[in-house]
**Student:** 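Please see the structure below; I have some questions.
What's counted below: heavy atoms across the whole structure, side chains too, no hydrogens, waters or symmetry copies. As the structure is a prediction and not an experimental result, all values here were calculated from the model. Sequence lines set the chain letters: A, B, ... in the order given, protein chains first and strands last, and positions in each chain run from 1.
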Amino acid sequence: MRLYNTLTRQREDFAPADGTTVRMYACGLTVYARGHIGNFRTFISLDVLRRTLKYVAGFQVKQVVNFTDVDDKTIAGAQREGLPLAEYTERYIAAFHEDCATLGLEPSEENPRATDPGNIQAMGDMVAALEQKGHTYRSDGSIYFKIASMPTYGRLARLDHEGMQAGAGARVDADEYEKEDARDFVLWKATKPGEPTWDPGIGPGRPGWHIECSAMALRLLGEAPIDLHAGGIDLVFPHHENEIAQSECATGKTFARMWVHFEHLLVENQKMSKSLGNFFTIPDVIGKGYRASTLRYLLLSAHYRSRLNFTWSGMAQAEEAIRRWTDFLARLDAVTGSASHPEVAERVATARQGFDTAMADDLNTSAALGEVFELVRALNSQIDAGTVGQGDVAGIRAAFAHFDDVIGVVSLRAKEDASGGLSEADVERYITDRQEARRRRDFAAADRIRQELLALGVILEDGPHGTRWKRK
RNA sequence: GGUGCGGUGGCGAAGAGGCGAACGCGACGGUCUGCAAAGCCGUUAUUCGAGGGUUCGAGUCCCUCCCGCACCUCCA
């Protein structure tokens with residue numbers, strides 16, 4: 001298994017330190033709004049990473065994805081609506097879980113919230129450790145991390161301090177005057193009256209953004225270094241850089257062995273923003289009549305380190321691609337003859353090998369899907385030629401099940417089909433009526449029934465062995 | 001000012017030194033069909049932003065240039 005490590009800017013071999021279980025942490029949402037499709041590109045990529053580690057590389061996974069449920073935005077939002085913070089954030093946490101299920105994401109082993117008492121305590125302990133080692137200072141009730149105390153600061157983001165100061169000078173932090181150095185960041189933030197406050201033994205305050213991830217990762221995954229830390233590309237700096245600073249200065253050990261970052265999603269070639277009207281949530285996409293499985297396919301079909309441009313035409317293309325896959329699987333039902341063919345098994349094994357190799361090579365989903373579709377064409381062709389028998393079908397299905405263990409689109413689609421719409425018995429009744437009409441050569445009536453079913457979301461295909469149907 | 005990414009057919013997207021540039025969508029022709037649909041076959045990039053260079057050989061390495069974009073303490 002190879003992955004691109006942001007720390008070294010190279011693809012590296014990856015395996016968990018203990019050889020069996022990957023202990024991984026990914027930064028989740030700040031829960032002040034429902035996540036948008038850009039957020040979910042990250043979580044879908046993470047899901048593909050997770051599934052590849054499990055089903056291709058054969059590791060076990062312990063994955064932690066947090067919720068940032070206390071920060072300026074969540075506090076402001078809760079105040080605006082006159083709700084307790086936890087009640088306010090709970091809505092978006094529930095929405096996140098709902099959207100994850102809709103997109104077929106495997107649940108994480110842990111979804112900690114920053115405000116859980118155990119996590120607050122872990123943050124307090126880490127801050128205390130940093131204070132003891134001389135990496136901090138206090139100012140106006142807040143505790144800051146002193147960047148000058150860490151010579152290797154900036155390694156992940158490859159910061160150039162000289163250049164950074166020259167150009168970024170125009171954007172100094174609003175509360176810079178409280179800091180000794182503009183680059184220092186807050187570990188534990190002084191609270192204003194009315195803001196939620198904790199005191200885990202370091203004085204009253206609330207978590208700085210970065211400390212929560214360091215503390216929760218090490219609390220829930222155990223000793224540093226953890227195997228893998230992931231997140232959106234925009235988190236490289238400052239968030240992950242600062243996580244490294246805190247964790248490594250506090251523990252004296254490497255924080256994470258592998259850093260994986262997912263590129264952003266663009267919408268119609270632009271950054272998503274509410275003012276441009278290109279800001280979509282999962283329910284928005286479904287409300288426009290698209291399936292979640294289609295969105296999942298589209299968002300995972302490009303490489304995770306490339307920017308991906310979301311368009312509605314892309315959704316339509318993704319829909320057709322999935323259909324090619326599912327149509328093929330449906331075709332297997334009609335295979336007759338009990339023979340099995342060694343050359344079929346061999347072809348399937350080659351594709352499976354190619355798929356796994358592509359996924360293990362830094363999650364090359366495009367190449368992996370290429371293998372799938374090449375196999376689809378080869379087998380369709382064999383079916384046409386009558387050189388696929390029942391004896392081959394189980395092996396073929398097993399391979400496609402394996403592909404979908406990682407891709408996760410076909411199983412999701414099946415779940416979508418099972419909920420709502422015409423019942424199978426109803427469809428069969430229509431088909432029987434239409435067969436009658438066709439037997440009478442009353443093609444007008446037959447076409448009318450086909451149209452009716454189409455309007456109900458069912459597509460018919462007449463073949464030599466009868467009529468097949470599928471849902472739109 | 002600094003750091004970094006990308007420009008591959010009508011659209012999306014792999015490929016990162018080696019003979020005919022995957023795969024998906026679309027289009028056209030053929031086959032099949034009562035008509036469709038699906039499938040299959042064929043056609044659709046003498047060429048990979050432009051120009052130089054290295055090499056027996058370059059989308060793939062080097063240089064210059066042109067475009068587009070991200071990040072530099074809100075951000076998946």
**Student:** Could you tell me the Watson-Crick or G-U partner of B:U46, where both distances fall under 3.5 Å? Say none if there is no partner.
**Tutor:**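 Pairing partner, where one exists within any strand: none, as none qualifies.
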**Student:** Would you mind classifying the nucleic acid contact of A:Leu460 as base, sugar-phosphate or nothing, using non-hydrogen atoms under 4.0 angstrom?
**Tutor:** base
**Student:** Please determine, for the side chain of A:Ser313, which listed nucleotide (B:A76, B:C11, B:C35) has the closest atom?
**Tutor:**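 Out of B:A76, B:C11, B:C35, the nucleotide with an atom closest to A:Ser313's side chain is B:C11.
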**Student:** Taking the same atom, P, in B:U46 and in B:C72, what whole-Å distance lies between them?
**Tutor:**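 Rounded to whole Å, the distance is 41 Å.
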**Student:** Can you tell me how far P in B:C56 sits from the matching atom in B:U64, rounded to whole Å?
**Tutor:** 24 Å
**Student:** Please state the C1' separation for the pair B:G18 and B:A58 - nearest whole angstrom.
**Tutor:** 10 Å
**Student:** Contact class for A:Gly231 vs. all strands (heavy atom < 4.0 Å): base, sugar-phosphate, or nothing?
**Tutor:**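 Touches sugar-phosphate only.
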**Student:** Please tell me if A:Arg324 has a side-chain N or O lying less than 4.0 Å from either OP1 or OP2 of B:G39.
**Tutor:** yes
**Student:** If you look at every strand shown and take non-hydrogen atoms under 4.0 Å, does A:Ser45 touch a base, only sugar-phosphate, or nothing?
**Tutor:** nothing
**Student:** Between B:A37 atom P and A:Arg450 atom CZ, what is the distance in whole Å?
**Tutor:** 9 Å
**Student:** At under 4.0 Å, does any side-chain N or O of A:Asn364 touch on OP1 or OP2 of B:A14?
**Tutor:** no
**Student:** Are A:Phe373 and A:Phe328 an aromatic pair, judged by ring center distance below 6.0 Å?
**Tutor:** no
**Student:** If B:A14 has a Watson-Crick or G-U wobble mate with both distances under 3.5 Å, name it; if not, just say none.
**Tutor:**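 Here B:A14 is not engaged in any pair, so there is no nucleotide opposite it.
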**Student:** Hey, does A:Arg434 reach any base, or is it just sugar-phosphate, or nothing, if we go heavy atoms under 4.0 Å?
**Tutor:** base
**Student:** If anything within 90° of 0 is syn and all else is anti, what is B:G52?
**Tutor:** anti
**Student:** Which value, in whole Å, describes the distance between the P atoms of nucleotides B:G6 and B:A14?
**Tutor:**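 Approximately 11 Å lies between the P atom of B:G6 and that of B:A14.
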**Student:** Rounded to whole angstrom, note down the P distance from B:C11 over to B:G26.
**Tutor:**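 15 Å, rounded to whole Å.
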**Student:** Is the distance between the ring centroids of A:Trp312 and A:Phe280 under 6.0 Å?
**Tutor:** yes
**Student:** Nearest whole angstrom, please: distance from the P of B:A76 to the OH of A:Tyr92.
**Tutor:** 15 Å
**Student:** Among B:C72, B:G68, B:A76, find the nucleotide with the atom closest to the side chain of A:Arg307.
**Tutor:** B:G68
**Student:** Please check if the distance between the ring centroids of A:Phe185 and A:His210 is under 6.0 Å.
**Tutor:**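 Yes: the rings meet the under 6.0 Å criterion.
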**Student:** Would you call A:Lys470 and A:Glu461 a salt bridge, taking side-chain N to carboxylate O under 4.0 Å as the test?
**Tutor:** yes
**Student:** In terms of side-chain geometry, is the basic nitrogen of A:Arg324 or A:Asp327 positioned less than 4.0 Å from the acidic oxygen of its partner?
**Tutor:**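 No, no charged N to carboxylate O under 4.0 Å.
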**Student:** Among the nucleotides B:A76, B:G39, B:C23, which one has an atom lying closest to any side-chain atom of A:His36?
**Tutor:**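 Nearest to the side-chain atoms of A:His36, counting from C-beta on, is B:A76.
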**Student:** Please report the interatomic distance CD(A:Glu243) to CD1(A:Ile211), rounded to the nearest 0.5 Å.
**Tutor:** 9.5 Å
**Student:** Counting the atoms with a prime plus P, OP1 and OP2 as sugar-phosphate, which does A:Glu461 contact under 4.0 Å by heavy atoms, base, sugar-phosphate, or nothing?
**Tutor:**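 If one applies the 4.0 Å heavy-atom cut-off, A:Glu461 turns out to touch a base.
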**Student:** Taking the side chain of A:Gln317 as heavy atoms from C-beta outward, which of B:G34, B:A37, B:G24 is closest to it?
**Tutor:** B:G24
**Student:** Can you check whether A:Lys271 has a side-chain N or O nearer than 4.0 Å to OP1 or OP2 of B:C71?
**Tutor:** yes
**Student:** Remember a base hit wins even if backbone is also touched, and classify A:Phe262 as base, sugar-phosphate or nothing at under 4.0 Å, heavy atoms.
**Tutor:**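 No contact at all - A:Phe262 keeps every heavy atom at 4.0 Å or more from the nucleic acid.
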**Student:** Please confirm whether the ring centroid of A:His240 lies under 6.0 Å from the ring centroid of A:His261.
**Tutor:** yes
**Student:** So does A:Thr6 get a side-chain nitrogen or oxygen closer than 4.0 Å to the phosphate oxygens (OP1/OP2) of B:G4?
**Tutor:** no
**Student:** Nearest nucleotide by nearest heavy atom, which residue falls closer to the 5' end of RNA chain B, A:Asp462 or A:Asn242?
**Tutor:** A:Asp462
**Student:** Starting at NE2 of A:His261 and ending at P of B:G4, how long is that distance when rounded to a whole Å?
**Tutor:** 16 Å
**Student:** For B:U47 and B:G59, measure between their C1' atoms and round to the nearest Å.
**Tutor:**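 About 9 Å, rounded to a whole number of Å.
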**Student:** Taking the same atom, P, in B:U43 and in B:U55, what whole-Å distance lies between them?
**Tutor:**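 The same atom, P, in both gives a distance of 37 Å.
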**Student:** I want to verify a distance call: between B:C72, B:C40, B:A14, whose nearest atom is closest to the A:Ala367 side chain?
**Tutor:**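 Within the option list, the nearest is B:A14.
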**Student:** Can you identify which nucleotide, out of B:C41, B:A14, B:A13, has its nearest atom closest to the A:Leu308 side chain?
**Tutor:** B:A13
